[in-house]
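Let me begin by presenting the structure, written as structure tokens, before commenting on it.
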Amino acid sequence: MKKYLTLFFLLLCNFLQAQDIPGVEPFEFQKSQLRQNPYIEELGLDDKNALIIKTQVYSPWSLGKSSSYLVVLTNGKMFKYYRYIHTAYSEDVLKSSEITDAAEKTKFLKLINATTQIKSGMLNITKKDTGEELVIFDAGTCSIEIHQGELMSVLESYAPHEAIEYGYPGAEERQKLLDAANGFNFYDDLFRSDLY
């Protein structure tokens, strides 16, 4: 019995720690990944309890893979990262920038809080009440992962644009996911200035 109480206490402490980010409303993670957040090392962070939001919109037709990361440290500092991996040229570029503007920080805190309210169970409904099924091959996928410590939540939708266009259930949640993914896309902020 003592062993179970200790385990319960450790899990509870981990959950409480996971919510200790200034400006982020408490929310429940979907699951524990039972290991340290994989992006801590990838992004070179020291804060093991940083809140990391990774956004990816990808298609089977793309030649590369890109990801945006919003990182909120437990001390309230905020950073944006953008990584692009071009598979044909074996190129891997990671750029980052600290967010210091108070208005921009507030905007992202609101976006985080809105994102955590998206109902994941509504993102992949592919059947209408009439029985009509959504069958699309080679469509894009939109994914937002929320990580902190050993906890994570994943919001993902296959063919969200098509599901919205054809009026499938969950259109409102899919649109929220697409809006959040656009809000967390840091390509223009970190790469566009290099191209023009």
Over 60° means perpendicular and under 30° means parallel, so classify the ring planes of Phe186 and Phe184, tilted if in between.
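Geometry flag for Phe186 against Phe184: perpendicular rings.
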
Linked, directly or transitively: [X] and [Y] (ILVMFWY side chains, under 4.5 Å):
{"X": "Ile40", "Y": "Phe79", "result": "yes"}
{"X": "Ile146", "Y": "Tyr81", "result": "no"}
{"X": "Leu111", "Y": "Phe29", "result": "yes"}
{"X": "Tyr187", "Y": "Phe108", "result": "yes"}
{"X": "Val57", "Y": "Leu70", "result": "no"}

Shortest non-hydrogen contact between [X] and [Y], atoms and distance:
{"X": "Arg174", "Y": "Pro169", "result": "NH1-O, 2.6 Å"}
{"X": "His147", "Y": "Pro38", "result": "ND1-CD, 4.2 Å"}
{"X": "Ser66", "Y": "Gln56", "result": "O-CG, 3.3 Å"}
{"X": "Ala50", "Y": "Asn37", "result": "O-ND2, 4.4 Å"}
{"X": "Gln175", "Y": "Ile164", "result": "OE1-CD1, 3.5 Å"}
{"X": "Ser157", "Y": "Leu123", "result": "OG-O, 2.7 Å"}

Starting at [atom1] of [X], measure out to [atom2] of [Y] and round the result to the nearest 0.5 Å.
{"X": "Glu145", "Y": "Thr55", "atom1": "CD", "atom2": "OG1", "value": "9.0 Å"}
{"X": "Thr100", "Y": "Lys77", "atom1": "OG1", "atom2": "NZ", "value": "10.5 Å"}
{"X": "Leu51", "Y": "Ile21", "atom1": "CG", "atom2": "CD1", "value": "5.5 Å"}
{"X": "Ser97", "Y": "Asp189", "atom1": "OG", "atom2": "CG", "value": "8.0 Å"}

Go through it in stages, so that I can follow the logic: the residues are Leu94 and Leu43, the test is side chain to side chain contact (heavy atoms under 4.5 Å, CB included), and I'd like the CA-CA distance, side-chain angles, deciding distance and then a yes or no.
CA-CA 9 Å; Leu94 176 68; Leu43 300 175; 4.1 Å; yes

Crowded around [X] [atom1]? As in, over 12 foreign heavy atoms under 6.0 Å?
{"X": "Glu98", "atom1": "CD", "answer": "yes"}
{"X": "Lys128", "atom1": "NZ", "answer": "yes"}
{"X": "Asp101", "atom1": "CG", "answer": "yes"}

Between Gln117 and Asn113, is a side chain to side chain donor-acceptor pair (under 3.5 Å) present by the stated rule, with each step listed?
CA-CA 7 Å; Gln117 300 304 310; Asn113 292 327; over 6 Å; no

Is there a side-chain contact between Thr115 and Phe27 (heavy atoms, below 4.5 Å)?
no

If a pair satisfies side-chain hydrogen bond (donor to acceptor under 3.5 Å, both in side chains) and one of its residues is in residues 158-173, list it, with sequence neighbours excluded.
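Qualifying pairs, neighbours excluded: Glu132-Tyr168, Glu173-Lys176.
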
Could you walk me through whether Arg83 and Val93 pass the side chain to side chain contact (heavy atoms under 4.5 Å, CB included) test, one step at a time?
CA-CA 6 Å; Arg83 166 169 259 147; Val93 180; over 6 Å; no

Sorted by first residue and then second, give each salt bridge (charged side-chain N to carboxylate O under 4.0 Å, His left out) pair with at least one member in residues 105-120; sequence neighbours left out.
none

Centres of the Tyr69 and Tyr39 rings: under 6.0 Å?
yes

Given the side-chain rings of Tyr82 and Tyr84, with only the six-membered ring counted for Trp, is the space between their centroids under 6.0 Å?
no

Assess whether salt bridge (Lys or Arg N to Asp or Glu O under 4.0 Å) is satisfied between Glu104 and Lys80, documenting all intermediate values.
CA-CA 11 Å; Glu104 190 175 12; Lys80 50 188 163 185; 2.9 Å; yes

Can Asn49 and Thr74 be counted as having a side-chain donor-acceptor contact under 3.5 angstrom?
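No, Thr74 and Asn49 have no side-chain donor paired with an acceptor closer than 3.5 Å.
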
Checking Ile52, Ile99, Ile53, Ile112 against Val72 for side-chain contact (heavy atoms from CB on, under 4.5 Å), the one that qualifies is Ile112

Could you check Ile144, Leu177, Leu155, Val154 and say which one makes a side-chain contact (heavy atoms from CB on, under 4.5 Å) with Ser120?
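Result for side-chain contact (heavy atoms from CB on, under 4.5 Å) with Ser120: Leu155.
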
